[in-house]
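For reference, the structure discussed in these notes is given below.
Keep in mind it's a predicted model, so treat the numbers as computed, not measured.
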Amino acid sequence: MPYDFRSDTVTKPTEAMYRAMSVAELGDDVLGDDPTVKRLEEHCAEMLDKEAALFVPSGTMANLLAVFLHCRPGDELLCEDNSHVYIYEQGGYAQINSVCVRPLPGRRGIFDAKTLVGAIHEPNLHFPNPKSVFLENTHNRGGGSIWPFETLEDVCRAARQRGLTLHLDGARLLNAVVATGRVVREWTHPFDTVSLCFSKGLGAPVGSVLAGPVDWIHLARRRRKVLGGGMRQSGILAAAALHALDHHVERLAEDHRNAQMLAARIREMPQDLIRLKYDATDTNMVFFEIAKPQGTAQRFCEELARHGVLMLPTGPTTVRAVTHLNVDATAVEKAAEAIADALGLKVP
Ligand SMILES: *Cc1c(COP(=O)(O)O)cnc(C)c1O
């Protein structure tokens, strides 16, 4: 088995998670009587401090439903220009919801209130209607970066003052919670809706949740059905998510330590061959750049694979490594050795 650092989505259920799934009480969730799904939705609504929540198959669907709830066709959604909803979801906001996006420049996924305010159009016949702001915390392409809390509050306040609604793409929100010690509801309070993935660092096989006002979640439930996201005995998946929330949250700190270790090893390597893309490793992601003569990120990852280590090329010379519950400190050591080998360095 290779050491798989491509993503925190690759985790397999633990024995205990399989057990929880196998004893879950099931019903038909489309008919509204799967007790385990209901329990998960209630638990998440409370945890995220919103009135209601909806279990959905993926984070992409959670964001797609959020766009639907916040914007009408022709409205404009403002988000950072490297955000997941803008880059990695096939432009579902336009394809499915007929919504425009105004991408804002950021640093590691983060922008300030001034940038937001400067991008909001005055009402004018020529412009789409600025309607909603989507933030991402932690930020995936920003390298698992955490929003500075005051910046996040400022941006949300500025959005509110101008009548914009707010969605938090919190696919990895709990990584930010564990890394900062700041509780979930502080992070979610400024937002109308919040999404969270169970299939990332939390280690469940499938699923995300979207939380928000009860009437909005009612609309989202209808919309989920027409998108083909109505699931039947989905309690089997909800049980995995509940197990993950009970057992896999505090341990995210371990992933963060392992990411720090990997970053430290890369920092020790010759900077003309390899260098970290970002100074700080906030959570469970490490991005690094391969110097051109070493070839492309694609070729470098193929070489790593021959050493039994999988990582993900995310640009011509950029590689991403993500830590999670199936890669421990030993795996990090193997990864560092594989990188050194692939660079032709002597391993000390
Ligand atoms: C993974 C991810 C999503 C989408 O989740 P899928 O379950 O892969 O569709 C959304 N937002 C962010 C920030 C993510 O990292």
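At a threshold of 4.0 Å, the pair Lys114-Asp112 does not count as salt-bridged, since none of the basic side-chain nitrogens sits closer than that to a carboxylate oxygen. Between Arg265 and Glu268 there is a salt bridge, with a side-chain nitrogen of the basic residue lying less than 4.0 Å from a carboxylate oxygen of the acidic one. One finds no salt bridge joining Lys38 and Asp29 here, because no Lys/Arg side-chain nitrogen approaches an Asp/Glu carboxylate oxygen to under 4.0 Å. The pair Glu302-Arg299 does not meet the salt-bridge criterion, since no charged nitrogen lies less than 4.0 angstrom from a carboxylate oxygen. Salt bridge present: Glu41 and Arg221 bring a charged side-chain N and a carboxylate O closer than 4.0 Å. Contact check on Lys200 versus Asp8 returns no salt bridge, with no Lys/Arg side-chain nitrogen under 4.0 Å from an Asp/Glu carboxylate oxygen. Ion pairing between a basic and an acidic side chain is recognised when a charged N comes within 4.0 Å of a carboxylate O; Glu76 and Lys131 show no such pairing.
Judged by distance alone, with hydrogens and angles left aside, the side-chain atoms of His248 form a donor-acceptor pair with the main-chain N or O of Leu202 at under 3.5 Å. In terms of modelled atom types and a separation under 3.5 Å, the side chain of Arg108 and the main chain of Ala280 share a donor-acceptor contact. The backbone N or O of Asn82 lies less than 3.5 Å from a partner atom in the side chain of Glu80, making a donor-acceptor pair. With hydrogens and angles disregarded, no donor-acceptor distance shorter than 3.5 Å links the side chain of Arg162 to the backbone of Ile120. Without hydrogens or angle criteria, Ser208 side chain to Val56 main chain gives no donor-acceptor distance under 3.5 Å. Between the side chain of Lys50 and the backbone N or O of Thr188, at least one donor-acceptor pair lies under 3.5 Å. Distance alone, capped at 3.5 Å, is enough to place a donor-acceptor pair between the Glu51 side chain and the Val214 backbone. A donor-acceptor contact shorter than 3.5 Å links the side chain of Ser22 to the backbone of Arg19. For Arg320 (side chain) and Arg6 (main-chain N/O), a donor-acceptor pair under 3.5 Å exists by modelled atom type. Without hydrogens or angle criteria, His324 side chain to Asn326 main chain gives a donor-acceptor distance under 3.5 Å.
Figure legend: cation-pi geometry between Arg72 and Phe68, with NZ or CZ positioned under 6.0 Å from the six-membered ring centre and within 45° of its axis. With a 6.0 Å cutoff to the six-membered ring centre and a 45° limit on the axis angle, Arg275 does not count as a cation-pi contact of Phe288.
With hydrophobic clusters built from ILVMFWY side chains whose heavy atoms lie under 4.5 angstrom apart, Leu242 does not share a cluster with Leu325. Following chains of ILVMFWY side-chain contacts shorter than 4.5 Å, one cannot reach Val30 starting from Leu219, and the two form parts of different hydrophobic clusters.
Between Ile96 and Leu227 the shortest side-chain heavy-atom distance falls below 4.5 Å. Leu252 has its side chain within reach of Leu174: a pair of non-hydrogen atoms, C-beta onward, lies under 4.5 Å apart. No side-chain heavy atom of Ile274 sits less than 4.5 Å from a side-chain heavy atom of Glu289. Counting heavy atoms from C-beta outward, Thr323 and Phe5 have side chains that approach closer than 4.5 Å. Inter-residue side-chain proximity for Arg102 and Pro130 is flagged as unmet; no heavy-atom pair is nearer than 4.5 Å.
Each of Leu116, Leu164, Leu135, Leu168 was evaluated against Cys156; a single residue qualifies, Leu135, per the side-chain contact (heavy atoms from CB on, under 4.5 Å) test.
The ring of Trp147 has its center no closer than 6.0 angstrom to the ring center of His139. Separation of the His121 and His126 ring centroids does not fall under the 6.0 Å cut-off.
Residue Thr36 holds its OG1 atom at 5.0 Å from CG of Asp34, rounded to the nearest 0.5 Å.
Side-chain atoms of Glu89 and Asn63 form a donor-acceptor pair, as typed in the model, at a separation below 3.5 Å.
The number of heavy atoms from other shown groups lying within 6.0 Å of CZ (Arg107) does not exceed 12.
Taking the six-membered ring for Trp and thresholds of 30 and 60 degrees, Phe198 and Phe55 have ring planes inclined between 30 and 60 degrees apart. Between Phe134 and His70, the angle of the ring planes goes over 60°, which puts this pair in the perpendicular group of the 30/60° scheme.
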Tell me, with the steps shown, if Asp192 and Arg160 meet salt bridge (Lys or Arg N to Asp or Glu O under 4.0 Å).
-> CA-CA 11 Å; Asp192 300 293; Arg160 284 281 177 230; 3.2 Å; yes
